[in-house]
Amino acid sequence: MAKGNTPQAIRGTQDIFGPEAEAFAFVVETFERVRKLYRFRRVEMPVFEKTEVFSRAIGETTDVVSKEMYSFEDRGGDSLTLRPEFTAGIARAYLSNGWQQHAPLKVATHGPLFRYERPQKGRYRQFHQIDAEIIGAGEPQADVELLAMADQLLKELGIEGVTLHLNTLGDGDSREAWRAALVEYFSAVKDELSEDSQERLEKNPLRILDSKDRRDQKFVADAPKIDAFLSDEAKAFFEAVTSGLDAAGVKWKRAESLVRGLDYYRHTAFEFIPDEGSAAADALGSQSTILGGGRYDGLMESLGGAPTPAVGWAAGIERLAMLVSVRPEVAEVAIAAESDERVGEAYELAQHLRKEGLSVEVFASGGKRKRYDKARKSEPLNLISMDFRDGEASTNIASDDTDDVRASRLERLVEEFRRARK
RNA sequence: GCGAUCGUAGCUCAGUUGGUUAGAGCGCCGGUUUGUGGUACCGGAGGUCGGGGGUUCAAGACCCCUCGAUCGCCCCA
């Protein structure tokens, strides 16, 4: 509980500790490992950019830009913004650094993002994502490889009950024609739509399709389908993606009403969503998407670059962390210095063992009788007690170590250490 | 931006229709069982009951405001 004059953390930020922090680290470590398997190269990006990087790339009318950005003026009067996503900044870096020379470029990164929103379960003002992008690759195989990586990542995290929902938005022309048809269709029944969807009709008609409001849902089933507006090329592209996924053993499900909020998406759009009634769905509350992305062939042009096909995804680390289970890290060795005469020696032994690659914790403070108990409670694999009684030093090892090699190596190291000290 | 629920020790929570010095468990600190021991027992520290105002002889409990948290809507990872 915060005391009167102790500053509070900013709303929507988190101080992550304990099992949550372990889960967070596990997600990041697993991502780093899997990304190397697919040969994605690591990039580090600035946390803030000129505001126009996001407003031009993401779209002025999107919620992200119009009301969720952390923007401020720097001392030179430029408008800067804390990044609300990775893709726009990566696209900017691609153009400003001439990374075209590396195309097709596969990059991965992770870190904090910022969005001024009302915090709730699985949703924060400072949140964290892992992110993967393939830039300068227009072939459907790029989509497949990217999705295969996502699928493998989730499996290696041990996350179950999550399904890839897949859709195509077609190329620019298909998408526009579909959008126009949707506006026409929903305009005819405008008065019967929810208030939110009446507004969406102006701003983002595609979003009406995944409205949660019953009043909207009864019209959704008969709404125009994207498939009717796809050009032959767009259709062939989507088929190549789906057959590639099948060949790669990635399970997917067609989601005709899946659209993505940001302006730059074309062709493939996808989200990994927990199955209804699954443990994952329960854990996430109403924030159902754990990983989402798609193809954004139009983005580079909006930043003044040459047309450049690209596809990418991002996943919320906090959301993934809610779905993984990690065992608490226990020490390989705990040393209880049960009398003050042995404290110095206990720390020396700890250093010796740490240099040999063992994780060691020393218990040498507080009541002497309680040091052993504390060491015990930390549930180490091996427990060394060091005491000094009746003028005699004793050193004992109690081992619950299931790894016999490590346990016997420890005994040897401790024995060496004692001989060397004499 | 809107709505609902909630705010009592470091943590999890009790606190009866408003009624004396606000409690428990865990954790923390100290001590006892002169001991191969994750035990048990004893003691201690720690609370402006989120904050402010009001009603009342009396408020942790009731009313108003405010701050914060949680969950949901919008949107999104």
Side-chain angles (χ1 to χ4, degrees), chain A residues 1-14 17-18 27 58 61-69 83-87 110-132 150 194-200 203-204 206-208 210-213 258-262 270-274 284-294 312-323 334 336 338-339 363 365-380 383-387 389-390 394-400:
Chain A
M1 194 115 324
K3 284 283 193 282
N5 66 348
T6 301
Q8 290 176 315
I10 303 300
R11 176 190 290 253
T13 62
Q14 331 167 64
F17 174 75
V27 170
I58 300 169
T61 63
T62 58
D63 277 27
V64 169
V65 171
S66 63
K67 56 184 209 194
E68 294 172 3
M69 292 206 301
R83 63 186 179 195
E85 60 149 47
F86 279 115
T87 307
H110 64 83
L113 303 169
F114 304 85
R115 246 118 102 161
Y116 193 90
E117 293 186 276
R118 205 60 190 271
Q120 61 194 64
K121 194 183 185 81
R123 178 205 194 150
Y124 309 94
R125 287 186 173 180
Q126 178 180 334
F127 59 107
H128 302 80
Q129 288 185 344
I130 52 179
D131 181 277
S194 67
E195 298 75 21
D196 284 333
S197 283
Q198 293 187 20
E199 228 177 281
R200 290 185 182 113
K203 288 173 53 186
N204 197 353
L206 274 54
R207 281 244 90 102
I208 300 176
D210 53 15
S211 168
K212 288 170 187 166
D213 198 301
L258 186 155
V259 297
R260 308 256 325 140
L262 312 181
F270 53 85
E271 295 180 356
F272 283 80
I273 302 174
L284 286 167
S286 67
Q287 314 307 315
S288 53
T289 303
I290 56 171
L291 184 154
W313 57 248
I317 297 176
E318 288 88 349
R319 292 185 188 177
L320 291 171
M322 287 191 282
L323 303 182
E338 296 190 81
S339 71
F363 294 84
S365 64
K368 295 177 186 66
R369 318 186 91 95
K370 299 223 160 63
R371 293 174 191 175
Y372 182 87
D373 289 344
K374 282 190 199 165
R376 255 297 173 209
K377 276 192 181 171
S378 73
E379 298 187 326
L383 170 54
I384 300 174
S385 61
M386 301 174 78
D387 207 346
R389 222 180 295 154
D390 305 327
S394 62
T395 301
N396 297 298
I397 302 177
S399 182
D400 292 331

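Throughout, protein chains are lettered first and strands after them, A, B, ... in sequence-line order, and every chain is numbered starting at 1.
To the nearest whole angstrom, the two C1' atoms, one in rG43(B) and one in rG7(B), are 32 Å apart. Straight-line distance between the P atoms of rC63(B) and rG25(B): roughly 32 Å, to the nearest whole Å. Nucleotides rC29(B) and rG10(B), compared at atom C1', are 13 Å apart to the nearest Å. rA9(B) and rC13(B) have their P atoms separated by 11 Å, with the value rounded to a whole Å. One C1' atom belongs to rU8(B), the other to rA59(B), and the distance between them is 14 Å to the nearest Å. Of the C1' atoms belonging to rA22(B) and rU48(B), the separation is 13 Å, rounded to the nearest Å. Across rC28(B) and rC11(B), the matching C1' atoms stand 11 Å from one another, rounded to whole Å. Nucleotides rC42(B) and rG53(B) place their P atoms 43 Å apart, quoted to the nearest Å.
When each of Ser365(A) and Arg200(A) is assigned the nucleotide of RNA chain B bearing its nearest heavy atom, the one mapping closer to the 5' terminus is Ser365(A). Judged by closest nucleotide on RNA chain B, Lys374(A) is the one of Glu85(A) and Lys374(A) placed further toward the 5' end.
For the salt bridge (charged side-chain N to carboxylate O under 4.0 Å, His left out) test, residues two or more places apart in sequence or in another chain that qualify with Lys67(A) are Asp63(A). With sequence neighbours left out, Glu117(A) forms a side chain to side chain contact (heavy atoms under 4.5 Å, CB included) with Glu68(A), Arg115(A), Arg123(A). Residues forming a side chain to side chain contact (heavy atoms under 4.5 Å, CB included) with Ser385(A) (at least two apart in sequence, or on another chain): Glu338(A), Tyr372(A), Asn396(A). Residues passing the side chain to side chain contact (heavy atoms under 4.5 Å, CB included) test with Arg118(A), sequence neighbours excluded: Arg11(A). Residues forming a salt bridge (charged side-chain N to carboxylate O under 4.0 Å, His left out) with Asp373(A) (at least two apart in sequence, or on another chain): none. Every residue meeting the ring pair (Phe, Tyr, Trp, His ring centres under 6.0 Å) condition with His128(A), not counting sequence neighbours, appears here in chain and number order: Phe24(A). For Gln129(A), the side-chain hydrogen bond (donor to acceptor under 3.5 Å, both in side chains) test picks out no residue, with sequence neighbours left out. Every residue two or more places apart in sequence or in another chain that forms a side chain to side chain contact (heavy atoms under 4.5 Å, CB included) with Arg83(A) is listed here: Met45(A), Val47(A), Phe54(A), Phe86(A), Pro112(A), Leu113(A). For the side-chain hydrogen bond (donor to acceptor under 3.5 Å, both in side chains) test, residues two or more places apart in sequence or in another chain that qualify with Asp213(A) are Arg215(A).
With respect to the salt-bridge test (charged N to carboxylate O, under 4.0 angstrom), the residues Arg260(A) and Asp210(A) do not qualify.
Of the residues in residues 112-121 of chain A, Arg115(A), Glu117(A), Arg118(A), Gln120(A), Lys121(A) come within less than 4.0 Å of RNA chain B through at least one heavy atom, sorted by number.
Taken from OG1 in Thr289(A) to CG in Leu284(A), the straight-line distance is 9.5 Å, to the nearest 0.5 Å.
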Return one dot-bracket line describing RNA chain B 5' to 3' (Watson-Crick or G-U wobble pairs, both distances under 3.5 Å; ( ) same strand, [ ] crossing, | another strand, . none). (((((((..((((.....[...)))).(((((.......))))).....(((((..]....))))))))))))....
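Whole-Å rounding puts the Arg125(A) CZ to rG68(B) P distance at 9 Å. Atom CD in Gln8(A) sits about 7 Å away from atom P in rA69(B), given to the nearest Å. In this structure, the CD1 atom of Ile10(A) is 13 Å from the C1' atom of rG68(B), given to the nearest Å. Between Arg123(A) atom CZ and rG1(B) atom C1' there is a gap of 12 Å when expressed in whole angstrom units. The NZ-P distance, from Lys67(A) to rC75(B), rounds to 8 Å in whole Å. As rounded to whole Å, 10 Å separates atom C1' of rC75(B) from atom CG of Asp196(A). The distance from atom CG of Leu284(A) to atom C1' of rC71(B) is 14 Å, rounded to the nearest whole Å. To the nearest angstrom, P of rA77(B) lies 10 Å from CG of Leu291(A).
At least one side-chain heavy atom of Ile58(A) sits under 4.5 Å from a side-chain heavy atom of Glu85(A). You'll find the side chain of Glu271(A) reaches within 4.5 Å of the side chain of Leu258(A), heavy atoms only.
Residue Ser286(A) places at least one side-chain N or O under 4.0 Å from the OP1 or OP2 atom of rG72(B). Applying the 4.0 Å criterion to OP1 and OP2 of rC75(B), one finds that Arg260(A) has every side-chain N and O outside that range. Contact check, Arg11(A) against rA69(B): a side-chain N or O comes under 4.0 Å of OP1 or OP2.
Counting non-hydrogen atoms under 4.0 angstrom, Gly285(A) reaches the backbone sugars and phosphates but no base. Using a 4.0 Å heavy-atom criterion, one finds that Asp387(A) contacts the bases of the nucleic acid, with or without backbone contacts as well. As judged by a 4.0 angstrom heavy-atom cut-off over every strand, Tyr124(A) is placed among the base-contacting residues. The residue Arg371(A) sits apart from the nucleic acid: no heavy atom pair falls under 4.0 Å. Within 4.0 Å (heavy atoms only), Asp63(A) reaches sugar-phosphate atoms of the nucleic acid but no base atom. Residue Thr62(A) is out of contact with every strand shown, counting any heavy-atom pair closer than 4.0 Å.
In the set rC75(B), rA77(B), rG37(B), the nucleotide with an atom closest to the side chain of Glu338(A) is rG37(B).
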N/O contacts under 3.5 Å, protein versus nucleotides 38-45 of chain B?
unit_1  : atom_1 : unit_2    : atom_2 : d
rG38(B) : N2     : Glu379(A) : OE2    : 3.1

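Between Glu318(A) and Gln14(A), the closest heavy-atom pair is OE2-NE2, 2.9 Å.
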